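Here is the structure we will look at.
Bear in mind the structure is a predicted one, so any value in this text is a computation, not a measurement. Residue numbers run from 1 in the order of the sequence given.
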Amino acid sequence: MINWRFAPFHELTPREVHDLYQVRAGAFIVEQDCVFQDIDGVDPACWHLLGYGEGQLVAYCRILPAGAKYAEPSVGRVVTSQGVRGTGMGRELMREALLRLEKLWPGAPIRIGAQRHLERFYEDFGFVTASEPYDEDGILHIEMLRPASSVADKSARKVGHN
């Protein structure tokens with residue numbers, strides 16, 4: 001059972017901020033052996049989705065408003081902890097994120113910068129490739145866009161308009 005918390009940055013507790021930076025650094029810096037500035041100044045403008053299981057942060061992403069990174073709203077820093085990978089937690093996280101995006105900005109298109117090897121994962125949620133591959137911090141990425149429409153992912157659970 002996952003307990004979801006969704007809040008703007010200024011409403012997060014110090015413990016939640018610690019947890020999200022710990023999970024992000026563990027995955028994006030340590031596991032991927034990628035030195036980059038994770039704390040990029042964008043977090044205060046974002047909403048944060050934290051998924052806790054048994055008291056531990058196991059799933060996280062940030063929701064960026066239009067203009068923070070792209071012209072459209074976006075999802076970024078999508079990560080699950082090592083212990084829950086392969087369990088479907090990443091899909092659950094994306095479903096939760098898209099539902100919250102839809103409530104904040106109904107019907108808006110969503111643009112993401114995705115690691116290239118995750119292209120098919122995001123396609124399952126209605127995203128389509130919108131750029132040529134590009135290098136970001138030594139990892140191939142692509143921009144992907146989810147048009148302003150309701151889509152169903154492959155689990156047959158509706159994502160989008162309620």
Side-chain angles (χ1 to χ4, degrees), residues 1-105 108-119 121-122 124-127 135-146 153 155 157 159-160:
M1 179 70 155
I2 299 299
N3 293 314
W4 295 103
R5 167 107 156 100
F6 187 59
F9 188 79
H10 70 274
E11 290 182 10
L12 296 175
T13 67
R15 183 66 205 196
E16 289 167 333
V17 172
H18 167 273
D19 292 349
L20 74 87
Y21 286 135
Q22 184 176 47
V23 167
R24 283 170 30 177
F28 300 131
I29 297 170
V30 177
E31 287 177 42
Q32 295 180 356
D33 193 24
C34 181
V35 178
F36 79 109
Q37 185 61 45
D38 178 41
I39 302 172
D40 58 2
V42 178
D43 286 320
C46 297
W47 285 75
H48 300 267
L49 179 60
L50 300 94
Y52 283 88
E54 298 180 15
Q56 299 294 313
L57 183 62
V58 296
Y60 167 83
C61 68
R62 67 183 183 182
I63 308 293
L64 297 83
K69 183 168 182 173
Y70 302 110
E72 304 87 356
S74 183
V75 180
R77 302 294 200 264
V78 178
V79 63
T80 57
S81 65
Q82 281 186 318
V84 299
R85 291 191 196 137
T87 67
M89 181 56 61
R91 290 187 179 285
E92 188 173 340
L93 173 61
M94 278 306 297
R95 281 190 295 270
E96 293 291 333
L98 291 173
L99 289 170
R100 284 162 173 80
L101 267 156
E102 181 63 26
K103 287 181 182 175
L104 290 171
W105 301 289
I110 302 163
R111 184 173 299 270
I112 61 173
Q115 292 184 10
R116 178 74 189 267
H117 74 277
L118 294 170
E119 187 173 14
F121 172 81
Y122 290 111
D124 288 350
F125 292 94
F127 287 90
D135 181 280
E136 184 175 309
D137 303 313
I139 299 171
L140 273 183
H141 282 70
I142 51 173
E143 282 188 20
M144 299 187 80
L145 181 67
R146 181 174 172 261
D153 69 18
S155 70
R157 183 170 161 192
V159 177

Restricting to side chain to side chain contact (heavy atoms under 4.5 Å, CB included), what partner residues turn up for Leu140, sequence neighbours left out?
Arg116, Pro133
By side chain to side chain contact (heavy atoms under 4.5 Å, CB included), Val17 pairs with (sequence neighbours left out) Phe9, Leu12, Tyr21
If you define the side chain from C-beta out and look only at heavy atoms, does anything of [X] sit under 4.5 Å from [Y]?
| X | Y | value |
| --- | --- | --- |
| Ile142 | Phe127 | no |
| Arg91 | Phe125 | yes |
| Leu99 | Phe6 | no |
| Pro65 | Trp47 | no |
| Leu98 | Ile110 | yes |
| Met89 | Arg85 | no |
| Val42 | Lys69 | no |
| Arg77 | Leu20 | no |

Show the nearest heavy-atom pair for residues [X] and [Y], with the distance to one decimal.
| X | Y | result |
| --- | --- | --- |
| Ala66 | Ala71 | CB-O, 3.1 Å |
| Val84 | Val58 | CG2-O, 3.5 Å |
| Gly90 | Phe121 | O-CZ, 3.6 Å |
| Gly76 | Leu64 | N-CD1, 3.8 Å |
| Pro109 | Glu72 | O-CB, 3.5 Å |
| Ile2 | Gly51 | CG2-CA, 3.7 Å |

Which residues share a ring-ring contact (aromatic ring centres under 6.0 Å, His included) with Tyr70, sequence neighbours left out
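For Tyr70, no residue satisfies ring-ring contact (aromatic ring centres under 6.0 Å, His included) once neighbours in sequence are set aside.
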Quick one: CG on Leu101 to CZ on Arg146, what's the gap to the nearest 0.5 Å?
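Separation between the atoms: 8.0 Å.
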Could you grab the distance from atom CZ of Arg62 to atom CG of Leu49, nearest 0.5 Å is fine?
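If I round to the nearest 0.5 Å, the distance is 13.5 Å.
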What pairs with Arg100 under salt bridge (Lys or Arg N to Asp or Glu O under 4.0 Å), at least two apart in sequence or on another chain?
Glu96
Pairs touching residues 2-12 that satisfy side chain to side chain donor-acceptor pair (under 3.5 Å), sequence neighbours left out:
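Those involving residues 2-12 are Arg5-Glu16.
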Residues that His48 engages under side chain to side chain donor-acceptor pair (under 3.5 Å), provided they are two or more places apart
Tyr60
Please check: side-chain N/O of Thr80 versus main-chain N/O of Ala59, any donor-acceptor pairing under 3.5 Å?
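Not a single qualifying donor-acceptor pair exists.
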